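First comes the structure, then the notes that go with it.
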Amino acid sequence: MSTFEHIIVESQGAVGLIKLNRPKMLNALSFGVFREIAAAIDDLEADDKIGCIVLTGSEKAFAAGADIKEMQPKTFIDMFSSDFTAIGGDRVANCRKPTIAAVSGYALGGGCELAMMCDIIIAADTAKFGQPEITLGTIPGIGGTQRLTRAIGKSKAMDLCLTGRMMDAAEAERSGLVSRVVPADKLMEEALAAAEKIAAMSHPAAAMAKEAINRAFETPLSEGMNVERNLFHSTFALEDRSEGMAAFIEKRKPVNKNR
Ligand code: CAA
């Protein structure tokens with residue numbers, strides 16, 4: 001297992017929990033934080049018993065964006081050579097296990113983008129989402145113009161990226177960015193319960209469902225339908241599929257072997 005300075009990683013049964021831990025800087029996402037998130041995903045993905053990963057921050061901030069203090073002196077070539085956006089971002093988005101962002105407080109800039117790299121966003125009623133990069137003379141760099149537009153549509157994505165304004169949890173739910181809004185003091189309870197429920201399912205079936213849904217964002221409908229059909233057929237090679245259907249018929253709970 002890796003050791004971490006900026007995040008706390010634990011497992012609770014079949015759920016892996018990654019907690020951003022730079023409270024004084026509202027969990028600003030430095031290169032180091034992104035590297036650690038990527039290493040944590042590597043560890044949790046390699047652990048067969050983990051079936052779902054929850055990513056969270058603090059009560060005040062999920063993450064207030066990329067670390068502006070670290071970025072300010074950087075030049076084009078510094079950013080281009082380091083490929084900042086790929087360091088942690090791609091690793092979270094490419095994780096094969098289901099991921100949930102549990103968002104309380106600010107999810108701004110890279111923080112909003114990090115949440116959007118997860119499969120499900122569960123928001124506390126205190127959550128605030130935004131892409132304020134324009135106020136810094138830059139633009140989103142890890143999905144804020146792309147994933148946000150696919151999630152909430154062009155007009156609202158333009159509104160957020162061009163004005164830099166924040167969207168509260170209710171607006172985020174109305175817009176389809178988040179799957180549910182819960183009272184702030186229930187956020188972790190709800191997110192962990194959802195993660196436990198997912199982790200109790202057949203892990204390969206969950207990975208296939210995730211892969212199929214992700215194809216919906218990257219392919220035309222006919223292509224996505226083909227992928228879905230092939231993955232659906234593939235589930236008939238799973239022991240968990242024959243057990244799941246047998247359990248239904250025998251009126252009992254299935255025992256998943258995750259094979
Ligand atoms: N980077 C570095 N430090 C940050 C930070 C960030 N993104 N966000 C907050 N901090 C620091 C503040 O500088 C402050 O540090 P000091 O105590 O040393 O001054 C500390 O965290 C607490 O912040 P505030 O005093 O500002 O707290 P607040 O409650 O008054 O305001 C806030 C909260 C509205 C979130 C405000 O901190 C803020 O606007 N933060 C910046 C948000 C932002 O612009 N994010 C986009 C970053 S660029 C990006 O993410 C690019 C990309 O797409 C990859």
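Note that ligands are numbered from 1 as they come in the structure, with each ligand's atoms numbered from 1 the same way. Everything numeric here is computed off the predicted structure, so don't read it as measured data.
Atom numbering of ligand 1 starts at 1 in the shown order; those under 4.0 Å from a heavy atom of A28 are 1 (N), 2 (C), 6 (C). Within ligand 1, counting atoms from 1 as listed, the ones closer than 4.0 Å to a heavy atom of G141 are 52 (C), 53 (O). Heavy-atom contacts of P140 reach the following atoms of ligand 1: 53 (O) (cutoff under 4.0 Å). Residue contact check: L136 has heavy atoms under 4.0 Å from atoms 44 (O), 47 (C), 48 (S) of ligand 1. Close approach to K60 involves these atoms of ligand 1, each under 4.0 Å from a residue heavy atom: 27 (O), 28 (P), 29 (O). For ligand 1 and E113, the ligand atoms under 4.0 Å from any heavy atom of the residue are 52 (C), 53 (O), 54 (C).
Not a single N or O atom of P132, backbone or side chain, sits closer than 3.5 Å to an N or O atom of ligand 1. Residue contacts with ligand 1: I68 is placed with a nitrogen or oxygen under 3.5 Å of a nitrogen or oxygen of the ligand (distance criterion only).
Within the 4.0 Å heavy-atom criterion, both parts of M25, backbone and side chain, lie near ligand 1. Contacts of A64 with ligand 1, taken as heavy-atom pairs under 4.0 Å, involve both backbone and side chain. When heavy-atom distances to ligand 1 are checked against a 4.0 Å cut-off, M71 comes that close only through its side chain, counted from C-beta outward. Of all the heavy atoms of A66, the ones lying under 4.0 Å from any atom of ligand 1 are found in both the backbone and the side chain.
The pair E243-K253 does not count as a salt bridge, with every side-chain nitrogen at least 4.0 angstrom from each carboxylate oxygen. Taking a cutoff of 4.0 Å between a charged side-chain nitrogen and a carboxylate oxygen, K128 and E171 do not qualify as a salt bridge. Between E190 and R180 there is a salt bridge, since a side-chain N of the basic residue sits under 4.0 Å from a carboxylate O of the acidic one. Salt bridge K49/D47: present, at least one basic N to carboxylate O contact under 4.0 Å. In summary, D240 and K257 do not engage in a salt bridge, as defined by a charged side-chain N under 4.0 Å from a carboxylate O.
Checked by atom type and distance alone, the side chain of S175 never pairs as donor or acceptor with a backbone atom of I152 at under 3.5 Å. Under the 3.5 Å distance criterion, the side-chain polar atoms of E196 are left unmatched by any main-chain donor or acceptor of V15.
The closest heavy-atom contact to atom 51 (C) of ligand 1, among the options E70, Q131, E133, comes from E133.
In this structure, G144 has no heavy atom closer than 4.0 Å to ligand 1.
Cation-pi geometry between K74 and F31 is met: under 6.0 angstrom from the ring centre, within 45 degrees of the axis.
When all heavy atoms of V103 and A127 are compared, the pair lying nearest together is O-CB, 3.7 Å.
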